[in-house]
There are 2 protein chains.
Amino acid sequence: MASIGQRNRLQYIILGLLNQRPQTGYDLAKAFENEIGEFWQAQHSQIYPLLRRMEDAGEITHEDTVAGEKLAKKQYTLTSSGHDKLVDWVSEPSPELTPSKDEFILKLYFIKTDADPRIQPMLREQLRLHQTQLDHLKSRQETVFPTAAAKQQAYGHYLILDHAIERERDYVAWLSKYLTD
Amino acid sequence: MASIGQRNRLQYIILGLLNQRPQTGYDLAKAFENEIGEFWQAQHSQIYPLLRRMEDAGEITHEDTVAGEKLAKKQYTLTSSGHDKLVDWVSEPSPELTPSKDEFILKLYFIKTDADPRIQPMLREQLRLHQTQLDHLKSRQETVFPTAAAKQQAYGHYLILDHAIERERDYVAWLSKYLTD
DNA sequence: GCTAATCATGTAATTAATTACATGTTTCAA
DNA sequence: TTGAAACATGTAATTAATTACATGATTAGC
């Protein structure tokens with residue numbers, strides 16, 4: 001059997017993105033550069049084979065188009081079966097807390113005393129990183145959701161961007177709590 | 001070559017845990033049940049083969065012991081080379097922001113309008129989940145770090161537990177912001 | 001007109017991680 | 001005393017994910 005594993009979440013992300021609008025594999029790969037990339041990552045080398053399997057499974061179909069003289073594109077669309085699968089997934093409970101895989105936090109864990117001279121530089125480095133990320137997310141919010149109407153039209157997107165902003169704000173606050181200068 | 005990939009972080013976690021005290025593979029697997037499990041997960045089926053490879057690489061060694069009549073145990077210890085590798089890893093910058101892979105947030109992203117009736121039940125489910133986790137972490141903090149001296153002796157552990165608590169507290173606050181009842 | 005960036009699609013090789021299979025010992029509680 | 005839970009170690013099979021290899025077209029700027 002060449003079926004798709006139960007916990008492969010990328011397939012659902014692809015279904016969700018194609019439900020927003022028909023897209024190419026290239027477009028799907030680029031989607032991870034915006035907010036959804038805060039919560040999942042995938043390379044084109046994982047996406048193209050998965051699109052093939054999902055099409056074989058009857059969840060999506062594609063239409064061949066040509067851009068310019070001869071640049072071939074495959075525009076993928078949801079089938080009604082794919083749409084059903086997406087709705088089922090969103091409707092299911094999500095009872096799992098996935099570990100966050102934060103390498104800095106892992107390193108902190110192995111530091112024994114508060115006198116360790118590595119702590120403060122590490123905190124400063126992370127503060128810079130998360131402050132930069134916070135600034136980036138805030139400017140994204142201003143450009144993507146400048147009006148109340150924009151919020152309305154992509155409410156889920158607004159929510160997860162707001163969540164990412166709060167997360168970074170709180171991370172910065174936590175780091176500041178332990179910074180001595 | 002049967003070398004270990006550059007980004008395999010589990011090896012560093014194992015080095016760090018063995019630096020705390022000599023342990024068996026079984027002990028290492030159990031370690032993910034406490035706070036470090038909030039930030040990484042690994043099964044014994046991944047740990048045992050990795051211990052073998054790390055020993056082949058000269059980073060750790062083991063001593064065979066027997067518990068009771070004949071229960072064989074392998075007590076692993078860091079070599080000085082393994083200790084160096086741990087120190088190098090902790091001292092390196094950690095400039096990567098890893099996506100958090102929160103399935104609930106992924107689902108939210110695909111909800112179009114604030115009138116969608118699925119939103120409120122989903123928020124309530126997550127609130128229950130994260131409130132339970134927050135309560136658990138707070139009680140862990142009370143039992144593991146009852147005194148200031150306890151904090152001193154495992155400061156990194158204290159920091160990451162505090163971080164996990166703040167994270168859950170903030171998650172609960174964020175969910176509450178969008179709950180209408 | 002050139003050239004770099006971006007668009008576009010794929011495969012191959014490897015590593016990381018999960019789930020299932022497999023076996024045996026010791027301890028604790030009913 | 002017996003049965004379940006926990007201790008203890010491994011391998012096999014599969015899937016997920018990353019990195020590298022591979023090719024070609026179009027667009028935007030110099």
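All of these numbers come straight from a predicted model, not from anything done at the bench. So that the names make sense, note that chain A is the first sequence line, chain B the second, and so on, each numbered from 1.
- Salt-bridge annotation for A:Arg140 and A:Glu35: present, with a side-chain N of the basic residue lying under 4.0 Å from a carboxylate O of the acidic one.
- Looking at A:Asn34, its side chain does come within 3.5 Å of a backbone N or O of A:Ile36 through a donor-acceptor pair.
- Results of the side-chain contact (heavy atoms from CB on, under 4.5 Å) test with B:Val172 over B:Arg167, B:Gln126, B:Gln133, B:His130 single out B:His130 as the only residue that passes.
- Within the structure, every side-chain polar atom (N or O) of A:Lys70 is placed at least 4.0 Å from both OP1 and OP2 of C:dA8.
- Rounded to an integer number of Å, the gap from CD1 of A:Ile47 to C1' of D:dT19 is 15 Å.
- Rounded to a whole Å, the CZ atom of A:Phe32 is 10 Å from the P atom of D:dT18.
- What separates NE2 of A:His62 from P of C:dA8 is a distance of 15 Å, to the nearest Å.
- Rounded to whole angstrom, the span from the CD1 atom of A:Ile14 across to the P atom of D:dA17 amounts to 11 Å.
- Remark: C1' of D:dA25 and CG of A:Asp64 are 16 Å apart, rounded to the nearest angstrom.
- Considering only side-chain N and O atoms, B:Lys101 lies under 4.0 angstrom from the phosphate OP1 or OP2 of D:dA17.
- Rounded to whole Å, the distance from CZ on B:Arg52 to C1' on C:dA16 is 19 Å.
- Of the residues near DNA chain C, A:Pro49 and A:Ala67, the one whose nearest nucleotide (by heavy atom distance) lies more toward the 5' end is A:Ala67.
- Here the side chain of B:Leu71 is nearest to one of C:dG24, C:dG10, D:dT9, namely C:dG24.
- Here the nucleotide nearest the side chain of A:His44, chosen from C:dT18, C:dT9, C:dC7, is C:dT9.
- For D:dT9, the OP1/OP2 oxygens have no side-chain nitrogen or oxygen of B:Tyr26 closer than 4.0 Å.
- Checked for salt-bridge contact, B:Arg169 and B:Glu166 meet the test: a charged N lies under 4.0 Å from a carboxylate O.
- Residue A:Gln43 places its side chain closer to D:dT19 than to any other of D:dT19, D:dT9, D:dA25.
- One atom, CE of A:Met54, and another, P of D:dT15, lie 16 Å apart when rounded to the nearest Å.
- In this structure, B:Lys73 does not reach the C:dT25 phosphate: none of its side-chain N or O atoms is under 4.0 Å from OP1 or OP2.
- One interatomic measurement links the two molecules: CD of A:Glu55 to C1' of C:dG10, which rounds to 15 Å at whole-angstrom precision.
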Step-by-step ring pair (Phe, Tyr, Trp, His ring centres under 6.0 Å) determination, B:His157 to A:Tyr109
CA-CA 5 Å; B:His157 186 171; A:Tyr109 183 71; 5.2 Å; yes
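- Contact annotation: B:Arg7 side-chain N/O to D:dT19 OP1/OP2 distance is under 4.0 Å.
- In summary, B:Lys151 and A:Asp114 do not engage in a salt bridge, as defined by a charged side-chain N under 4.0 Å from a carboxylate O.
- Side-chain nitrogen and oxygen atoms of B:Lys30 include at least one within less than 4.0 Å of the OP1 or OP2 phosphate oxygen of D:dC7.
- Listed nucleotides: D:dA8, D:dT11, C:dG10. Nearest to the side chain of A:Tyr48: C:dG10.
- In the interface, the side chain of B:Thr24 is not paired with the base of D:dT9 through any donor and acceptor atom under 3.5 Å apart.
- Between A:Gln46 and D:dA16, a side-chain N or O to OP1/OP2 separation shorter than 4.0 Å is absent.
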